[in-house]
Amino acid sequence: MTVREVGVLAIGAGPANLALAVAIEESGSPELAAGTLLLEQSPDIKWQRDLLMPWARSQVSFLKDLVTLRNPSSRFTFLNFLHEQGRLDEFVNLGTFHPYRWEFSDYLQWVATSL
Ligand SMILES: Cc1cc2nc3c(=O)[nH]c(=O)nc-3n(C[C@H](O)[C@H](O)[C@H](O)COP(=O)(O)OP(=O)(O)OC[C@H]3O[C@@H](n4cnc5c(N)ncnc54)[C@H](O)[C@@H]3O)c2cc1C
């Protein structure tokens, strides 16, 4: 076991703490970012893992992702996730603001691994 000093300890990698982690990453304080630890009980990150049926969509707009309303130019936006995964055209052609839940769940995993 290793001992590490932390300034911010966040329990659970759900949307709330991932949004906090992104805000800390973008705060301009490398010391704060380095002193932040986010712990998740599951081996992977999924958004409400029991609700990831292939046809199920989020009830809210993708614009309410982890960061857009605070910082639309962030590299952690849902749109940038889609762009990096080569899925942006497909999403735009769906003609909806409501992404599939599995896609939003993949976005959370992508953010966590991109931090
Ligand atoms: C049925 C339902 C449908 C919903 N639909 C939508 C929707 O369509 N759009 C929307 O925006 N919101 C929706 N919501 C609201 C939803 O609660 C939020 O979107 C969001 O999931 C809340 O984020 P959170 O980070 O607070 O918690 P959660 O998403 O619950 O994440 C908590 C995380 O903490 C982890 N965890 C828990 N305990 C521990 C522990 N002791 N140690 C380590 N890790 C732990 C969990 O594994 C999980 O990863 C819905 C809620 C419900 C109940």
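Whatever order the structure lists ligands and atoms in, that order sets their numbers, starting from 1.
In this structure, the protein non-hydrogen atom closest to atom 36 (N) of ligand 1 is Gln41 NE2, 3.6 Å. At the top of the distance list for atom 23 (O) of ligand 1, counting protein heavy atoms only, stands Pro15 CD, 3.2 Å. Among all non-hydrogen protein atoms, the one lying nearest atom 14 (N) of ligand 1 is Gln48 NE2, 3.6 Å. Of the protein's heavy atoms, Ala16 N, 2.9 Å lies nearest to atom 25 (O) of ligand 1. Here the heavy atom of the protein found nearest to atom 33 (C) of ligand 1 is Gly14 N, 3.7 Å. For atom 41 (N) of ligand 1, the closest non-hydrogen atom of the protein is Ile11 CG2, 4.0 Å. In terms of protein heavy-atom proximity, atom 6 (C) of ligand 1 is nearest to Gln59 OE1, 3.4 Å. Given atom 47 (O) of ligand 1, the protein heavy atom at minimum distance is Glu40 OE2, 2.7 Å.
Under the 4.0 angstrom criterion for non-hydrogen atoms, Leu51 is in contact with ligand 1. Using a 4.0 Å cutoff on heavy atoms, Arg101 counts as a contact of ligand 1.
At least one donor-acceptor pair closer than 3.5 Å links the side chain of Tyr107 to the backbone N or O of Leu66.
Within a 6.0 Å radius of NE2 in His98, other residues, nucleotides and ligands contribute more than 12 heavy atoms.
At least one protein heavy atom sits closer than 4.0 Å to atom 8 (O) of ligand 1.
Looking at Val60 and Phe97, their side chains never come closer than 4.5 Å, going by heavy atoms from C-beta outward.
Here Thr77 contributes atom OG1 and Leu82 contributes atom CG; the two are 8.5 Å apart, rounded to the nearest 0.5 Å.
Heavy-atom proximity to Ser58, at under 4.0 Å, picks out these atoms of ligand 1: 7 (C), 8 (O), 9 (N).
The shortest N/O to N/O separation between Arg57 and ligand 1 does not fall below 3.5 Å.
In summary, the side chains of Asn71 and Glu26 do present a donor paired with an acceptor at a separation below 3.5 Å, with no hydrogens or angles considered.
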